[in-house]
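One structure is given below, encoded as structure tokens.
Each chain gets a letter, A, B and so on, in the order its sequence line appears, and its residues count up from 1. This structure is a prediction, so every number in the text was calculated from the model and none was measured.
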Number of protein chains: 2
Amino acid sequence: MWTIGEVTELTGIAAPTLRYYEKEGLLPHVKRNENGKRLYDEEDLSWIHFVTALRATGMPIAQIQKYVNLYKEGDSTISERKRMMLLHKKEIENSIRELYFNLDKINYKLALYDVLESQLEKTSIKI
Amino acid sequence: MWTIGEVTELTGIAAPTLRYYEKEGLLPHVKRNENGKRLYDEEDLSWIHFVTALRATGMPIAQIQKYVNLYKEGDSTISERKRMMLLHKKEIENSIRELYFNLDKINYKLALYDVLESQLEKTSIKI
DNA sequence: AAATCATTTAAAGTAAACTTTAAGGGAAAG
DNA sequence: CTTTCCCTTAAAGTTTACTTTAAATGATTT
């Protein structure tokens, strides 16, 4: 079991962010010690990692909330949760495609700079 | 030459956003007609597409500003502009890598759901 | 015992990128 | 002519996801 400070060290996520996630219902069943201080177990850490992965792939807080609420409802929501993940997977794949598409434009620009630079080089040789 | 409304139709970018980009110095040399209304030419459109590609790949407004300012300074800034684009290219490649990394976690979750569903299926057959 | 430290809460603040509003102007359509 | 439409500006508002602040509590160190 870890305190919030230890989890911060372990995950690199700031303590206020962990509290914020919990308040927003993104981290179910975080326990407290006798003094009311948070204690995180393995399962909490695994939730934190999962939520972090969802956030890093652009899922909004509100949608993660919805997902966690489904989780809390139990096994009857498994197919809906799976559907959410499948949809999100497609969105990630779209994001990746869009990034590649725009990366192409950057590469085109870089190719133009290569041409420009070699032309400027020739000019300075002429002088 | 196109009006702002036509550019909005052509690009899908809202007119207020186009004005905002221009005000922030992201779109150099947009001309006006005799009544002070914006008129966009081919070069303006190409700037809009480029700025859109930079935004879609996560470059902040402030950095695009810096890039456009370098452009305005002329040929002497070509190598610095190229350096900026090379750096940004690497950031895009990092973003893509991170997306793939987190996509893996989503896929792992989806695999778990497949197992869970087949287990639940078996259970219901037993009943 | 006093000071320090990590924690708690609620509430306010921040940053970035737009978006909306308000007030007005000119041109074209009915 | 007057209504409609598209445009103009400056300024205020919105959204999202945190981050910071303030005030308090309890445990540990000196």
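Atom CD of A/Q63 is separated from atom P of D/dA17 by 10 Å (rounded to the nearest Å). Residue A/E34 contributes atom CD, which lies 13 Å from atom C1' of C/dT7 at whole-angstrom precision. Residue B/L27 contributes atom CG, which lies 12 Å from atom P of C/dC18 at whole-angstrom precision. Nucleotide D/dC7 holds its P atom 11 Å from the CG atom of B/N33, rounded to whole Å. Following rounding to the nearest Å, A/E22 (CD) and C/dA10 (C1') show an atom-to-atom distance of 15 Å. Rounding to whole angstrom units, CZ of residue B/R32 and C1' of C/dG25 are separated by 14 Å. As rounded to whole Å, 12 Å separates atom C1' of C/dT7 from atom CD of A/E6. Nucleotide D/dA17 holds its P atom 8 Å from the CD1 atom of A/I64, rounded to whole Å.
Closest to the A/K37 side chain, of the nucleotides D/dT9, C/dT7, D/dC18, is C/dT7. Among the nucleotides D/dC18, D/dT8, C/dG26, the one closest to any side-chain atom of B/N35 is C/dG26. When distances are taken from the side chain of A/R19 to each of D/dT8, C/dT8, D/dA17, the shortest belongs to C/dT8. Candidate nucleotides C/dT8, C/dT19, D/dC18 were compared by shortest atom distance to the side chain of B/A14, and C/dT19 ranks first. You'll find that the side chain of A/I4 is closest to C/dT7, out of C/dT7, C/dT20, C/dA17. With C/dT9, D/dC7, D/dT20 as the candidates, the nucleotide lying closest to the side chain of A/R38 is C/dT9.
For the residue pair B/H49/B/T11, the side-chain donor-acceptor check at 3.5 Å is not satisfied.
Taking A/Y100 as the reference, A/I96, A/L103, B/I96, B/Y100 meet the side chain to side chain contact (heavy atoms under 4.5 Å, CB included) condition, with sequence neighbours excluded.
The distance between the ring centers of B/Y67 and B/F50 falls below 6.0 angstrom.
A close approach under 4.0 Å does not occur between any side-chain nitrogen or oxygen of A/T3 and OP1 or OP2 of C/dA6. For D/dA17, neither phosphate oxygen OP1 nor OP2 lies less than 4.0 angstrom from any side-chain nitrogen or oxygen of A/Y21. In terms of phosphate contacts, B/T17 brings a side-chain nitrogen or oxygen within less than 4.0 Å of OP1 or OP2 of C/dT19.
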Would you list the atom pairs, donor with acceptor, under 3.5 Å between side chains in residues 22-31 of chain B and any protein atom, with sequence neighbours excluded?
from	atom 1	to	atom 2	distance (Å)
B/E22	OE1	B/R38	NE	2.7
B/E24	OE1	B/Q65	NE2	3.0
B/H29	ND1	B/D44	OD1	3.4
B/H29	NE2	B/E43	OE2	3.4
B/K31	NZ	B/H29	O	3.4

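Looking at residues 39-57 of chain A, you'll see that no heavy atom sits under 4.0 Å from any atom of DNA chain C.
B/V68 and B/L87 sit in two unconnected hydrophobic clusters of ILVMFWY residues. Membership requires side-chain heavy atoms under 4.5 Å apart, directly or through other members.
Mapping B/P60 and A/K23 onto DNA chain C by nearest heavy atom places A/K23 closer to the 5' end of the strand.
Residues B/L112 and B/Y108 form a side-chain contact, since some pair of their non-hydrogen atoms from C-beta on lies under 4.5 Å apart. For the pair A/Y71 and A/R81, the minimum side-chain heavy-atom distance is below 4.5 Å. For the pair B/I64/B/Y21, no side-chain contact is recorded, criterion being any heavy-atom separation below 4.5 Å from C-beta on.
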